[in-house]
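For the numbers below, each heavy atom of this structure counts, side chains included, while hydrogens, waters and symmetry mates do not.
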Amino acid sequence: MLNQLTIKNYALIQELSITPANQLNIITGETGAGKSIMLGAVGLLLGNRADTKALLNSESKCVIEGQFDISNYKLSSLFKKEDLDYEELTIIRREITPAGKSRAFVNDSPVTLDTLKKLGFKLMDVHSQHETLQLGKNSFQLKFVDVYAGTLALRNEYSQLFLAYKKARIELNALLEESKTAAEQADYNSFLLKELSEANLMEDEQEELESSVKMMEHAEEIKLKLNEALAILTNDEFSVTNNVQQLRQSLLQVAKYGESYEKLAERINGALIELNDISTEIEREEEKVNFDPEQAQLSQERLSLIYQLQQKHAVLNISELLKIQAELEEKVLHTSNLGDEIAKRQKEVGELLTMCTDKANKLSEKRMACFVKLAKELETLLAEVGMPDASIELKRSEIPLENSGSDEIKILFSANKGIAPQELAKVASGGEFSRLMFCLKYILAAKVSLPTIIFDEIDTGVSGEIAIKLASMMKKMAENHQVITISHLPQIAAKGDQHYFVYKDNNASKAISKIKSLSEDERIVEIAKMLGGDNPSEIAFENAKELIAS
């Protein structure tokens with residue numbers, strides 16, 4: 001519900017503010033005074049695009065602000081989805097700077113126009129010429145039938161099922177496409193995997209093989225040099241160890257004469273122990289050096305295989321080859337399981353399709369069950385708003401399953417007796433469209449909780465008893481919904497719980513629009529003028545009082 005609307009520096013409006021009543025609000029005024037300008041400002045709150053030409057003073061910014069009570073609208077999930085702070089009293093503000101920059105805010109948080117449209121759609125329903133044209137669309141007609149038939153919950157259940165079916169079908173098609181490619185690659189992948197598996201690669205073997213081959217290629221030289229080293233250390237009377245032993249003996253003989261000599265003797269003794277240990281190690285290494293031509297060939301062949309595989313797969317080490325092997329194993333396994341996965345997904349798609357079809361059929365049955373009753377109710381309402389010969393027919397055509405079911409529903413209309421109902425876009429005039437939409441809104445108001453409803457001169461082309469009936473219907477709608485009506489008819493103006501008058505103030509150098517809430521006495525004067533002109537007679541005043549009293 002709109003608690004307050006403030007408009008500053010917009011078109012002919014310098015500044016105005018209204019606090020609409022909870023029920024029926026009437027806005028009247030002179031032609032061109034700015035009633036439709038207010039609707040343009042409201043449109044900015046609902047996410048319409050801004051135009052800097054709309055600024056009254058091109059040097060100041062335009063600000064439009066609406067305060068809404070949304071406590072009964074169940075919008076917390078929308079606020080959460082849009083990352084907004086939820087407040088039961090929510091303020092929407094739109095600003096247009098002189099430079100042409102437009103900004104929008106919800107509870108002081110900046111938002112995009114897309115977010116503003118989503119929220120605005122839930123808060124206000126503006127019955128304008130553009131909105132009336134929506135009536136000609138099948139999607140609008142189908143949604144209306146669902147509201148009337150009480151099938152919105154069932155439609156939502158179906159939509160969730162249909163989305164799951166579409167997702168499963170997309171995944172199945174992807175698997176089928178993958179299977180075509182996989183079939184072409186399967187043999188080659190299997191060949192590559194077999195080649196790597198049979199190689200029986202081990203993580204560190206390349207380094208060991210390279211070291212072993214290198215040693216065997218130089219075995220003779222290694223053995224010769226190790227024996228030479230061993231001979232120098234131990235094999236004759238002038239060997240290194242013999243000389244060191246003699247050195248140790250000499251130092252031991254003088255050790256008793258000084259601590260420094262004793263320490264030198266100990267160091268030489270340590271060196272002798274290390275040399276003996278080195279000699280033993282050289283002997284062991286020399287014994288290991290055995291040139292085996294057959295083993296050398298096997299090692300070389302193994303290295304060649306490893307190098308070939310690395311070159312083939314464009315890698316530098318065995319670790320990367322093993323990683324490729326694991327990937328190939330996964331691909332081959334996936335390919336072998338692809339048939340089972342496809343069969344599983346085909347079964348799932350079939351089951352979901354059956355469930356969707358069953359749910360769509362139930363949806364169709366419930367929708368069609370209300371056709372006769374809805375047509376009669378609309379015909380009755382149309383007669384009350386001045387179209388006694390109007391006839392309505394609802395037609396259902398079966399279509400392939402889509403998000404809303406398997407139905408294309410058309411509301412067929414005829415305004416004249418003896419003329420068969422046809423599609424709305426072909427036969428309905430602007431005035432007929434407008435009144436038919438009003439009747440639809442009237443029915444919807446009894447079925448669901450609509451947001452604030454704004455009617456922009458819905459009463460064009462009607463008068464007399466029809467106007468009185470239209471006013472009564474608005475009054476009825478306003479029992480459960482906030483209604484704001486821009487009108488030029490006294491019969492409708494008299495029904496308002498609150499009456500606003502829009503006028504032009506020409507006292508300044510530039511004409512501006514103003515609005516004021518009328519007192520009971522001012523309402524009588526305004527309605528009398530609507531009945532009898534600028535200088536209403538006493539009869540006009542009495543008629544105005546009678547209309548208000550009725």
Side-chain angles (χ1 to χ4, degrees), residues 77-78 80-83 114 118 138-139 142-143 145-146 149-203 309 312-315 318-369 396-409:
S77 59
L78 175 61
K80 185 176 181 181
K81 184 178 179 182
E82 298 298 326
D83 196 24
D114 184 56
K118 290 177 186 176
N138 294 128
S139 58
L142 179 62
K143 184 73 174 287
V145 168
D146 278 328
T151 51
L152 285 176
L154 183 60
R155 173 172 169 165
N156 185 57
E157 290 174 13
Y158 164 81
S159 296
Q160 296 300 316
L161 266 179
F162 184 71
L163 284 175
Y165 163 69
K166 278 208 307 185
K167 182 182 177 184
R169 194 174 61 186
I170 289 169
E171 291 172 352
L172 172 60
N173 289 337
L175 284 173
L176 290 171
E177 189 64 32
E178 184 184 350
S179 70
K180 292 180 183 177
T181 307
E184 297 169 2
Q185 293 290 325
D187 290 343
Y188 184 58
N189 285 340
S190 296
F191 166 75
L192 292 176
L193 177 60
K194 183 181 178 184
E195 189 176 48
L196 287 170
S197 298
E198 289 178 348
N200 196 23
L201 299 168
M202 289 177 287
E203 190 76 41
L309 290 172
K312 185 172 189 175
H313 294 280
V315 296
I318 288 180
S319 180
E320 291 177 283
L321 284 175
L322 290 172
K323 184 178 178 183
I324 290 170
Q325 182 178 336
E327 290 172 355
L328 286 168
E329 285 173 351
E330 189 175 338
K331 285 181 181 179
V332 169
L333 179 63
H334 179 66
T335 302
S336 64
N337 293 335
L338 207 52
D340 293 338
E341 185 65 26
I342 289 172
K344 179 183 175 183
R345 196 52 55 94
Q346 284 174 330
K347 182 182 178 184
E348 181 185 356
V349 168
E351 290 172 349
L352 283 169
L353 178 58
T354 300
M355 293 167 70
C356 283
T357 303
D358 291 344
K359 191 77 74 174
N361 290 339
K362 290 177 183 176
L363 198 52
S364 298
E365 290 172 9
K366 287 183 177 292
R367 285 167 172 168
M368 290 188 290
R396 182 257 179 186
S397 301
E398 185 168 353
I399 59 173
L401 291 177
E402 60 174 29
N403 194 51
S404 60
S406 59
D407 303 323
E408 181 183 70
I409 291 178

Please determine whether side chain to side chain contact (heavy atoms under 4.5 Å, CB included) holds for the pair K312 and E195, giving the CA-CA distance in whole Å, both sets of side-chain angles, and the decisive distance to 0.1 Å. CA-CA 11 Å; K312 185 172 189 175; E195 189 176 48; 2.9 Å; yes

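- The CD atom of E177 sits 9.0 Å away from the CG atom of N173 when rounded to the nearest 0.5 Å.
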Set out, in order, the CA-CA distance, both residues' side-chain angles and the distance that settles side chain to side chain contact (heavy atoms under 4.5 Å, CB included) for R169 and L353, then state yes or no. CA-CA 10 Å; R169 194 174 61 186; L353 178 58; over 6 Å; no

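- Taking the side chain as every heavy atom from C-beta outward, Q160 and N156 approach each other to under 4.5 Å.
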Could you check I399 against D407 for side chain to side chain contact (heavy atoms under 4.5 Å, CB included), going step by step and ending with a plain yes or no? CA-CA 6 Å; I399 59 173; D407 303 323; 5.8 Å; no

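- R367 places a side-chain heavy atom less than 4.5 Å from the side chain of L142.
- You'll find the side chain of K118 reaches within 4.5 Å of the side chain of E82, heavy atoms only.
- Two residues are said to be in side-chain contact when any heavy atoms from C-beta on lie closer than 4.5 Å; E348 and L172 fail this criterion.
- One distance of note links CZ of R396 with CD of E365; it measures 9.5 Å at 0.5 Å rounding.
- Taking CG of L363 as the reference point, atom CG of D146 lies at 5.5 Å (rounded to 0.5 Å).
- Residues L163 and N403 form a side-chain contact, since some pair of their non-hydrogen atoms from C-beta on lies under 4.5 Å apart.
- Here NZ of K366 is found 15.5 Å from CZ of R155. Values are rounded to the nearest 0.5 Å.
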I would like to know whether K143 and L152 meet side chain to side chain contact (heavy atoms under 4.5 Å, CB included); could you show each step before the answer? CA-CA 8 Å; K143 184 73 174 287; L152 285 176; 3.9 Å; yes

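- Smallest separation of non-hydrogen atoms from Q325 and S197: NE2-OG, 3.7 Å.
- S364 has its side chain within reach of S406: a pair of non-hydrogen atoms, C-beta onward, lies under 4.5 Å apart.
- Counted within 6.0 Å of CE on M355, heavy atoms from surrounding residues, nucleotides or ligands total 12 or fewer; the atom is thus considered open.
- Interatomic distance, CG of L176 versus CD1 of I342, reported as 5.0 Å (0.5 Å rounding).
- Taking 4.0 Å as the cut-off between side-chain N and carboxylate O, K362 and D358 do not count as a salt-bridged pair.
- Expressed to the nearest 0.5 Å, how far CD of E402 lies from NZ of K166 amounts to 9.5 Å.
- Contact check for E157 versus L154: side-chain heavy atoms found under the 4.5 Å cut-off.
- Across all their heavy atoms, L328 and L196 have their closest contact at CD1-CD1, 3.8 Å.
- Surrounding NZ of K167 are at most 12 heavy atoms belonging to other residues, nucleotides or ligands under 6.0 Å away.
- Shown here for E341 and L175, the closest heavy-atom pair between the two residues is CG-CD1, 3.6 Å.
- With contacts defined as side-chain heavy-atom distances shorter than 4.5 Å, the pair Y158/L401 qualifies.
- Formation of a donor-acceptor pair under 3.5 Å by the N361 side chain with backbone atoms of T357 is found in this model.
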